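So the structure is just underneath, and the comments pick up after that.
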Amino acid sequence: MEVDLSQAVFYHDRKFPPSALDYERLLPSLLAATDALARYDQMLQSMHNNEIFLAPLRNQEAVLSSRMEGTISTMDEVMQLEAEYADPVAEADDERRSETLETFLYQLALRTAQAQMGDGRPLSVSLLRSIHQQLLQFGRGAAKAPGSFKTEQNYIGERGSRAIAFVPIAPEKLDCAMETLFAFIADKSRPILLRTALAHVEFEALHPFKDGNGRVGRMLITLMLWSEGAISAPHFYISRYFADHKADYLTTMREVSASGDWDAWCEFFLVAVAEQAVHNLTVANRIRDLYETMKPHFAEVLSSKWSVQALDYVFTHPVFLNSRFTSRAGISAPTAMRFTRLLLEAGLLQTVREASGRQSAIYRFEPLMELVRV
């Protein structure tokens, strides 16, 4: 199909990294973002098990980041898929689940990258390629060279339109540009938030893969902030702000190549970090408050020394297969089955799917889902 390049902006060859930024302009936003992120991270460090409280935020990120690329699924669908199958990609062959599987793969790829970096693997070109390979192993992207860089020129425009808004770097220049990008990421002469801002917009401008660039580029933000110690755990997610301000997000990034306005992009990014940190802190505190409220409630309803284990399980897996609850919560099967009956009677669980034959029931911990649905 012939494309219309008459209004297109072309990649800024040999202009990354920018030679100078307007620090006087950026300093207020940089300080605000640094402070907000530090307060969010302080909350992370105060939690005895932050995975309990922040796993739902990772699912939010997967849903929102995928939604920005046109993959529409809900938190409930993704969590039910994860609950229902031990290996969703291998087992869930229902065509209606394809978009949910694509969203599931986002959070699976992010978890895998975090685990590998936690084991000492550096943030690198090879890590991004492995993220991309896992992200696109199923669905529409599976035929678009998962894990491999583009070999043909790609374009960015509106879906279904021949009008092109942006032309990324040419494939023959990509390897050298990626080396420059990761050398910049490793150079600690700039503040980490500005480095992350510049690395993200450069990655998006390079658009190194045939598909999945936006999702990998947003994962890069979390992984950079964590690897550089700006956050103590890999739980900072920014796609909500980008989705809520998508037009500004895309326009400000495009202006980097169109007019060399790196400062406006950095300012947008810093405001995004500050506002998202405040939002994430608010949601995490609400989740923690709910946990503290539910702790005595579960103890009263269950009347068991295992009530905290049950509570931790439903916070980490707010949609769960009953048979998996009995096998993974560290509680005996008869006790776990009694727990689900009591929690249902108390209105703390809702039935998503009734048990039928060999098919186990699926339950949902609605008080938590109400806080985290997007």
Side-chain angles (χ1 to χ4, degrees), residues 12 15-45 54 57 60-61 64-65 68 110 123 166 181-182 184-206 213-285:
H12 46 267
K15 293 181 180 177
F16 176 82
S19 57
L21 294 173
D22 185 349
Y23 280 90
E24 185 174 355
R25 171 183 174 179
L26 296 176
L27 187 59
S29 298
L30 177 60
L31 291 175
T34 301
D35 179 64
L37 193 60
R39 282 186 279 112
Y40 173 70
D41 191 58
Q42 187 175 30
M43 180 274 299
L44 288 184
Q45 294 183 54
L54 298 173
L57 290 182
Q60 274 191 356
E61 175 73 3
L64 289 167
S65 189
M68 288 182 72
L110 183 54
L123 182 57
F166 185 77
L181 172 59
F182 275 86
F184 172 79
I185 288 172
D187 180 359
K188 302 183 187 299
S189 61
R190 296 185 201 245
I192 178 56
L193 285 176
L194 287 178
R195 246 188 305 148
T196 305
L198 295 171
H200 177 70
V201 73
E202 178 66 6
F203 180 86
E204 295 297 338
L206 295 175
N213 293 285
R215 286 167 287 172
V216 175
R218 288 185 285 277
M219 286 188 210
L220 179 62
I221 294 170
T222 300
L223 298 176
M224 271 192 73
L225 293 176
W226 178 44
S227 67
E228 293 291 329
I231 48 177
S232 57
H235 291 302
F236 182 75
Y237 308 118
I238 201 169
S239 287
R240 175 184 284 274
Y241 188 91
F242 288 168
D244 288 346
H245 302 82
K246 187 175 180 180
D248 290 339
Y249 171 64
L250 297 176
T251 300
T252 312
M253 282 199 295
R254 195 171 299 132
E255 279 302 310
V256 167
S257 291
S259 63
D261 196 349
W262 299 89
D263 293 315
W265 161 255
C266 287
E267 194 165 40
F268 174 86
F269 182 86
L270 293 170
V271 170
V273 169
E275 295 203 13
Q276 190 70 61
V278 170
H279 175 82
N280 289 353
L281 178 61
T282 300
V283 173
N285 278 330

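Everything numeric in this text was worked out from a predicted model, so none of it was measured. If you read the sequence from its start, that first residue is 1, and numbering goes on from there. When reading the values below, keep in mind they use all heavy atoms of this one structure, side chains included, and skip hydrogens, waters and symmetry mates.
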Verdict with reasoning, Trp226 to Phe236, per side chain to side chain contact (heavy atoms under 4.5 Å, CB included): CA-CA 8 Å; Trp226 178 44; Phe236 182 75; over 6 Å; no
field: Working for side chain to side chain contact (heavy atoms under 4.5 Å, CB included), residues Leu110 and Leu223
entry: CA-CA 9 Å; Leu110 183 54; Leu223 298 176; 4.3 Å; yes
- request: Starting from the C-alpha separation in whole Å, work towards a yes-or-no answer on side-chain hydrogen bond (donor to acceptor under 3.5 Å, both in side chains) for Ser259 and Asp261.
  value: CA-CA 5 Å; Ser259 63; Asp261 196 349; 4.9 Å; no
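Counting all heavy atoms, side chain and backbone alike, Leu44 lies closest to Ala233 at CD1-O, 4.1 Å. Of all heavy-atom pairs spanning Phe184 and Leu198, the tightest one is CZ-CD1, 3.6 Å. In plain terms, the two heavy atoms of Leu26 and Leu270 that are nearest each other are O-CD1, 4.0 Å. Nearest heavy-atom pair, Ser65 versus Ser239, reported as atom, atom and distance to 0.1 Å: CB-OG, 3.3 Å. Residues Ser257 and His12 share a closest heavy-atom pair of OG-ND1, 2.6 Å. Annotation for Ala199 and Leu220: closest pair O-CD2, 4.2 Å, computed over non-hydrogen atoms.
Partners of His279 under the side chain to side chain contact (heavy atoms under 4.5 Å, CB included) rule, at least two apart in sequence or in another chain, are Arg240, Gln276, Val283. Legend: residues meeting side-chain hydrogen bond (donor to acceptor under 3.5 Å, both in side chains) with Tyr237, ordered by chain and number and at least two apart, are His235. With sequence neighbours excluded, the residues satisfying side chain to side chain contact (heavy atoms under 4.5 Å, CB included) with Ala258 are Val9, Glu255. Evaluation of the side-chain hydrogen bond (donor to acceptor under 3.5 Å, both in side chains) rule for Asp263 yields no partner, not counting sequence neighbours. For the side-chain hydrogen bond (donor to acceptor under 3.5 Å, both in side chains) test, residues two or more places apart in sequence or in another chain that qualify with Tyr249 are His200. Remark: Phe166 engages no residue in a ring-ring contact (aromatic ring centres under 6.0 Å, His included) (not counting sequence neighbours). For Ala197, the side chain to side chain contact (heavy atoms under 4.5 Å, CB included) partners two or more places apart in sequence, or in a different chain, are Trp265, Cys266, Phe269. Under the salt bridge (Lys or Arg N to Asp or Glu O under 4.0 Å) criterion, Asp35 pairs with Arg39, not counting sequence neighbours. For Lys246, the side chain to side chain contact (heavy atoms under 4.5 Å, CB included) criterion is met by Met68, Leu250, not counting sequence neighbours.
Atoms CD1 and OG1, from Ile238 and Thr222 in turn, are 8.0 Å apart once rounded to the nearest 0.5 Å. Between Leu225 atom CG and Leu37 atom CG the span is 6.0 Å, to the nearest 0.5 Å. A distance of 10.0 Å separates CG in Asn285 from OH in Tyr40, rounded to the nearest 0.5 Å. Interatomic distance, Leu206 CG to Glu204 CD, rounded to the nearest 0.5 Å: 9.5 Å.
Between Val201 and Phe16, the closest side-chain pair of non-hydrogen atoms is not below 4.5 Å. Taking 4.5 Å as the limit, some side-chain heavy atom of Arg190 sits within range of a side-chain heavy atom of Pro17. For the pair Leu64 and Phe242, the minimum side-chain heavy-atom distance is 4.5 Å or more.
In summary, the aromatic rings of Tyr241 and His245 are positioned with their centroids under 6.0 Å apart.
Among residue pairs with one or both ends in residues 16-34, those qualifying as side-chain hydrogen bond (donor to acceptor under 3.5 Å, both in side chains) are Arg25-Glu267; sequence neighbours excluded. Screening residues 216-233 for salt bridge (charged side-chain N to carboxylate O under 4.0 Å, His left out) gives Glu69-Arg218, Lys188-Glu228, Arg195-Glu228 as the qualifying pairs, with residues at least two apart or on separate chains. Identified under the salt bridge (charged side-chain N to carboxylate O under 4.0 Å, His left out) test for residues 271-283, with sequence neighbours left out: none.
The closest donor-acceptor contact from the side chain of Ser227 to the backbone of Met224 lies under 3.5 Å.
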